[in-house]
Amino acid sequence: MSKYSIFSLARNALGFHEGWGKAWRSPEPASEYDVIIIGGGGHGLATAYYLAREHQVGRIAVLEKGWLGGGNTGRNTTIVRSNYLWDEAALLYEKSLKLWEGLSQEINYNVMFSQRGVMNLGHTEQDLRDISRRCTANRLNGIDAQFLTPQDIKRKVPIMDTSANTRYPVLGASFQPRGGVARHDAVAWGFARAADRHGVDIIQNCEVTGILRSDGKVTGVETSRGTIRAPKVGVVVAGHCSVLAQMAGFRLPVESHPLQALVSEPIKPVLDTVVMSNAVHGYISQSDKGELVIGAGIDSYTGYGQRGSFQTIEGNIAAIIALFPIFSRVRMLRQWGGIVDTCPDACPIISKTPVDGLYFNCGWGTGGFKATPGSGWAFAHTIARDAPHDLNAAFTIDRFHSGALIDEHGAAGVAH
Ligand code: FAD
Ligand code: PYC
């Protein structure tokens, strides 16, 4: 470390960070852009970054009604993996995983991507058949996948109850060593700073209230900060995509549900991988700070409250304690909910729409955090070229008319 940076570190430590520059600008909205992105979550910010970086689009704005990453991006349990069954989904999520592997360097921001592996447990003979089918399909697509026996599982996670007489007998698991976790808010901040450096205007506290159209084409948006014109608009608002679709005059086959998560008080390191179980609707990992990060399945009702119901997490915690009796006396610190946008086939929409120049990226449901870089990359291509990339060509809105669904309930299963 140079003398200069040691002094500047000491000065900032003693001086309440005086002189630290803002990570991104906060410009007033211009009256017109080449592309407007609605939604300042990870996907929206990544889209803006790749539009500027890979497609040299000049004037881009990201409009966010609240603060960056205040939606699902900052509320998820940060699990990253690509072990999906069908080629279309597996290749899209694997593209994303490959981008994760170089992301901190690419955007020069430490997103703390930690490839500690992701384990998906099987509790019945049918679970094992599904797991082994998925492992084989993954390997055929060049995706790392291992089948673990109960003995392998016990060696990797000694604190799990793998004895025969438990409520949820552990009969086997799939394991993706390259899967893991990342720091979710850093992903939003990192993409925001990188996009800003490429000239993207990031405008917070700017709610889109209407989508302007003329002769079947988008012409701009109405916002809480006035009218902004653009010939292309990308919508990436997760749980609120149906609201935005209604503004544009069409309907999406999406339901919005609360999805909850919890963290415990910090404890010593005891769990160095991610464990998920579709059957018990629960998943758990330990953060670098020592907190247990626990998630549940979706609440069964639809709604926009970022809370969720007690009964869902009560069942979730009971299942986690059955698998990990050692945690029975750990105290939970916080609980929260996000609104997830679920499609009938548990796959996303990255697509053109019935309105020319208007594009939607949504329907990631409970599993879009892992897709953040890949989704932004593919959506940027779709907007810039007005045509999908091969990787997202199957994820159109049209598939709900044609019937070409991609059923990923097994891989997304934990929470849908
Ligand atoms: P968001 O981050 O929600 O961003 C959308 C933004 O749009 C928001 O900031 C919102 O304020 C803004 N917006 C909405 N309406 C408007 C408007 N009218 N005008 C302007 N802005 C607007 N996925 C995984 O892969 N792994 C996990 O472990 C995982 N765990 C999860 C746990 C929980 C509890 C939850 C809730 C989700 C989880 N997910 C997980 C899913 C994942 O979080 C989402 O799929 C992903 O973060 C979606 O990102 P996004 O950028 O599309 O949405
Ligand atoms: O998609 O891996 C996932 C996931 C885990 C928890 C919520 N979603």
Side-chain angles (χ1 to χ4, degrees), residues 36-47 62-84 93 96-97 100 118 120 176 179-182 184-185 187-188 191 203-211 221-225 235-244 246-247 256-263 274-278 281-285 293-299 304 306 308 313 335-342 346 348 350 360-372 375-376 379 408 411-416:
I36 289 173
I37 300 296
I38 307 176
H43 289 230
L45 292 162
T47 305
V62 175
L63 309 182
E64 166 54 50
K65 73 173 173 184
W67 66 95
L68 300 188
N72 289 344
T73 297
R75 292 167 185 268
N76 62 68
T77 45
T78 80
I79 299 172
V80 175
R81 59 189 172 86
S82 63
N83 54 354
Y84 282 72
Y93 286 102
S96 199
L97 183 44
W100 277 112
V118 175
N120 290 85
Q176 184 174 25
V181 291
H184 46 190
D185 38 18
V187 176
F191 270 122
I203 300 160
Q204 299 179 77
N205 298 312
C206 182
E207 178 168 3
V208 171
T209 53
I211 302 219
V221 292
E222 286 297 354
T223 81
S224 52
R225 294 172 68 174
V235 181
V236 208
V237 295
H240 288 84
C241 57
S242 311
V243 178
L244 272 287
Q246 194 176 23
M247 289 179 198
S256 297
H257 291 257
L259 178 69
Q260 302 183 61
L262 314 87
V263 290
V274 179
V275 178
M276 304 175 60
S277 168
N278 293 4
H281 283 294
Y283 37 96
I284 181 163
S285 65
V293 180
I294 297 175
I298 54 173
D299 280 54
Y304 290 106
Q306 290 176 314
I313 46 173
Q335 168 275 351
W336 65 90
I339 308 306
V340 296
D341 44 346
T342 59
I350 313 175
F360 264 64
N361 179 336
C362 60
W364 294 94
T366 61
F369 176 67
K370 67 175 81 64
T372 305
S375 153
F379 198 39
E408 282 292 357
V414 91
H416 281 47

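Order of appearance sets the numbers: ligands from 1, and atoms from 1 within every ligand.
Remark: distances from the non-hydrogen atoms of Leu244 to ligand 1 include one below 4.0 Å. Using a 4.0 Å cutoff on heavy atoms, Gly367 counts as a contact of ligand 1. The shortest heavy-atom distance from Ala46 to ligand 1 is not under 4.0 Å.
Of the protein's non-hydrogen atoms, the one nearest atom 1 (P) of ligand 1 is Asn72 N, 3.5 Å. For atom 21 (N) of ligand 1, the nearest non-hydrogen atom of the protein is Lys65 N, 3.1 Å. With hydrogens left out, the protein atom closest to atom 51 (O) of ligand 1 is His43 N, 3.0 Å, a heavy atom. Residue, atom and distance of the protein heavy atom nearest to atom 5 (C) of ligand 1 are Val236 O, 3.5 Å. Taking atom 30 (N) of ligand 1 as the reference point, the nearest protein heavy-atom neighbour is Thr77 OG1, 2.9 Å. Summary of contacts: the protein heavy atom closest to atom 40 (C) of ligand 1 is Thr366 O, 2.9 Å. The shortest contact between atom 32 (C) of ligand 1 and any protein heavy atom is with Asn76 CA, 3.3 Å. Looking from atom 6 (C) of ligand 1 to the surrounding protein, the closest heavy atom is Glu64 OE1, 3.5 Å.
Heavy-atom proximity to Gly367, at under 4.0 Å, picks out these atoms of ligand 2: 1 (O). Close approach of ligand 2 to Thr366 (heavy-atom distance below 4.0 Å) involves ligand atoms 1 (O), 4 (C), 7 (C), 8 (N). Close approach to Lys370 involves these atoms of ligand 2, each under 4.0 Å from a residue heavy atom: 1 (O), 2 (O), 3 (C).
Classification of the His240-Tyr304 ring pair by plane angle, with boundaries at 30° and 60°, yields parallel. Below 30°, between 30° and 60°, or above 60°: for Tyr84 and Tyr93 the angle between ring planes is below 30°, a parallel geometry.
His257 places no side-chain N or O within 3.5 Å of a backbone atom of Val340 that could act as its donor or acceptor partner. In this structure a side-chain-to-backbone donor-acceptor pair under 3.5 Å is missing from Thr78 to Val181. With hydrogens and angles disregarded, a donor-acceptor distance shorter than 3.5 Å links the side chain of Asp341 to the backbone of Gly365. One N or O on the side chain of Ser96 and one on the backbone of Ala371 form a donor-acceptor pair closer than 3.5 Å. In this structure a side-chain-to-backbone donor-acceptor pair under 3.5 Å is missing from His43 to Phe379.
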Could you please spell out the steps behind the side chain to side chain contact (heavy atoms under 4.5 Å, CB included) verdict for Leu63 and Ile36? CA-CA 7 Å; Leu63 309 182; Ile36 289 173; 3.6 Å; yes
Determine, stepwise, if the pair Gln306 / Ile339 fulfils side chain to side chain contact (heavy atoms under 4.5 Å, CB included). CA-CA 6 Å; Gln306 290 176 314; Ile339 308 306; 4.0 Å; yes
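Neither the backbone nor the side chain of His184 comes within 4.0 Å of ligand 1, counting heavy atoms alone. Of all the heavy atoms of Cys206, the ones lying under 4.0 Å from any atom of ligand 1 belong exclusively to the backbone. Under 4.0 Å from ligand 1, not a single heavy atom of Leu68 appears. Heavy atoms of Leu63 found under 4.0 angstrom from ligand 1 belong exclusively to the backbone.
Shown are Val236, Thr223, Val235; of these, the side-chain contact (heavy atoms from CB on, under 4.5 Å) with Ile38 is made only by Val235.
With rounding to the nearest 0.5 Å, the separation of OG in Ser375 from NZ in Lys370 is 11.5 Å.
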